[in-house]
Amino acid sequence: ALIAFSQCKKSNNGSTNPPPPPGPVIIKDSAIVQGLNFPWELLWGPDNFIWMTERGGKISRVNPSTGAVSLLHTITEVVSNGEGGLLGMVLHPNFSTTPHVFVAYNYNSGGYKEKIVRFTYSGTALTGPVTIIENIAASSIHNGCRLVITPDLKLYCTTGDASNTSLPQNTS
C-alpha cells in the first residue's frame, strides 16, 4: 500500500518522529483486460482512460470501467526481440491542446536500434508519425526505455546499456 504522510511536526513530548501508520488498508483488485501480449507502458490519460503499449507494436486505450480496448495504432516497424519492442510512451502535458503521443521502440536498420517517434491523436487513432531521434543503441536485453516530459517541455528518454557495459557512462 502507498501511504502518504504529512509534514513531520513535533509531538507533545518534543519528538519529531512521524505518526504511526494508519490501520490495515483494504485493496481490491480485478482484471479488466485479459489476453494482452506483453503490455509495457501504462498511463492514466487526461481522458480517464488507460493508455497502453504492447511490445509487439500496439498502442491502445482501455476503458477502465468496461475493459473495452480501442486500438489506436499498430507500428509495423517494431521488432520485438527478447526484452525489446514497443516500450515507453508519454502524452504531451498539454494534451487537450497539443494531442501528441511520444513512443520509443526497437526496429531493424543495419542492426537492432531504438527510436523515439511522435504521433498526433485524432480522437480515434494516432496519425502523422514524426521521428524525433533514431539509431539509439539497442539489444535483446537492457533497452530500458521510459519517457517523461518535464514542466519546461523537455522530453527525456531512459535507455539501458544495450548489453554494452561502457554505454551507461557515455554522456553523449
Side-chain angles (χ1 to χ4, degrees), residues 2 4 29 31-33 35-109 112-164 167-172:
L2 175 62
D29 67 341
I32 59 169
V33 178
L36 300 173
N37 187 15
F38 297 107
W40 182 264
E41 187 72 72
L42 298 171
L43 305 174
W44 190 261
D47 55 0
N48 289 320
F49 276 64
I50 298 167
W51 289 64
M52 168 185 77
T53 66
E54 293 178 71
R55 284 194 351 220
K58 292 181 180 180
I59 304 170
S60 303
R61 287 173 61 239
V62 179
N63 181 324
S65 299
T66 66
V69 177
S70 300
L71 179 66
L72 299 174
H73 190 72
T74 299
I75 304 172
T76 58
E77 181 185 34
V78 166
V79 176
S80 182
N81 179 11
E83 297 173 1
L86 175 54
L87 303 172
M89 176 174 60
V90 68
L91 306 179
H92 192 284
N94 302 319
F95 192 74
S96 61
T97 57
T98 309
H100 290 160
V101 177
F102 297 84
V103 295
Y105 62 86
N106 300 121
Y107 65 105
N108 281 326
S109 177
Y112 202 51
K113 307 285 184 179
E114 191 165 281
K115 68 167 59 174
I116 300 171
V117 175
R118 184 192 78 203
F119 289 91
T120 301
Y121 179 56
S122 71
T124 58
L126 296 180
T127 62
V130 175
T131 299
I132 304 297
I133 187 171
E134 57 190 355
N135 295 317
I136 300 169
S139 177
S140 62
I141 61 170
H142 299 181
N143 289 311
C145 203
R146 294 293 185 196
L147 299 174
V148 67
I149 299 176
T150 58
D152 60 353
L153 301 181
K154 291 182 181 172
L155 173 66
Y156 287 90
C157 176
T158 62
T159 60
D161 64 22
S163 300
N164 181 339
L167 289 178
Q169 302 308 316
N170 182 341
T171 60
S172 63

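Residues meeting the salt bridge (Lys or Arg N to Asp or Glu O under 4.0 Å) test with E83, sequence neighbours left out: none. Every residue meeting the salt bridge (Lys or Arg N to Asp or Glu O under 4.0 Å) condition with K115, not counting sequence neighbours, appears here in chain and number order: E77, E134. The side-chain contact (heavy atoms from CB on, under 4.5 Å) check on N135 picks up Y107, K113, with sequence neighbours excluded. For Y112, there are no side chain to side chain donor-acceptor pair (under 3.5 Å) partners, not counting sequence neighbours. Partners of D29 according to the salt bridge (Lys or Arg N to Asp or Glu O under 4.0 Å) rule, which considers only residues two or more places apart in sequence or in another chain, do not exist here. Residues meeting the side chain to side chain donor-acceptor pair (under 3.5 Å) test with T150, sequence neighbours left out: D152. By the side chain to side chain donor-acceptor pair (under 3.5 Å) test, E41 pairs with R146, sequence neighbours left out.
The structure places SG of C145 at 7.0 Å from CD1 of I116, a figure rounded to the nearest 0.5 Å.
The shortest heavy-atom contact between E114 and A138 is N-CB, 4.0 Å. Pairing each heavy atom of G84 with each of L87, the nearest pair is C-CD2, 4.4 Å.
Among pairs with a residue in residues 86-108, none fulfils salt bridge (Lys or Arg N to Asp or Glu O under 4.0 Å), at least two apart in sequence or across chains. Note on residues 93-104: no pairs pass salt bridge (Lys or Arg N to Asp or Glu O under 4.0 Å), not counting sequence neighbours.
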Listed pairs under 3.5 Å, donor-acceptor, residues 90-104 side chains, sequence neighbours left out:
| unit_1 | atom_1 | unit_2 | atom_2 | d |
| --- | --- | --- | --- | --- |
| H92 | ND1 | N94 | N | 2.9 |
| T97 | OG1 | N94 | O | 3.2 |

Which atom pairs, donor and acceptor, lie under 3.5 Å between side-chain atoms of residues 61-75 and protein residues at least two apart or in another chain?
| unit_1 | atom_1 | unit_2 | atom_2 | d |
| --- | --- | --- | --- | --- |
| R61 | NE | D47 | OD2 | 2.8 |
| R61 | NH1 | Y121 | OH | 3.3 |
| R61 | NH2 | D47 | OD2 | 3.1 |
| N63 | OD1 | S65 | N | 2.8 |
| N63 | OD1 | T66 | N | 3.3 |
| T66 | OG1 | A68 | N | 3.1 |

Between side-chain atoms of residues 123-133 and protein atoms elsewhere (two or more places apart, or another chain), which donor-acceptor pairs fall under 3.5 Å?
| unit_1 | atom_1 | unit_2 | atom_2 | d |
| --- | --- | --- | --- | --- |
| T127 | OG1 | T120 | O | 3.4 |

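Within the 4.5 Å cutoff, no side-chain heavy atoms of N106 are placed close to those of N81. Side-chain contact between M52 and L36 is present, with heavy atoms from C-beta onward closer than 4.5 Å.
Formation of a donor-acceptor pair under 3.5 Å by the R55 side chain with backbone atoms of V78 is not found in this model.
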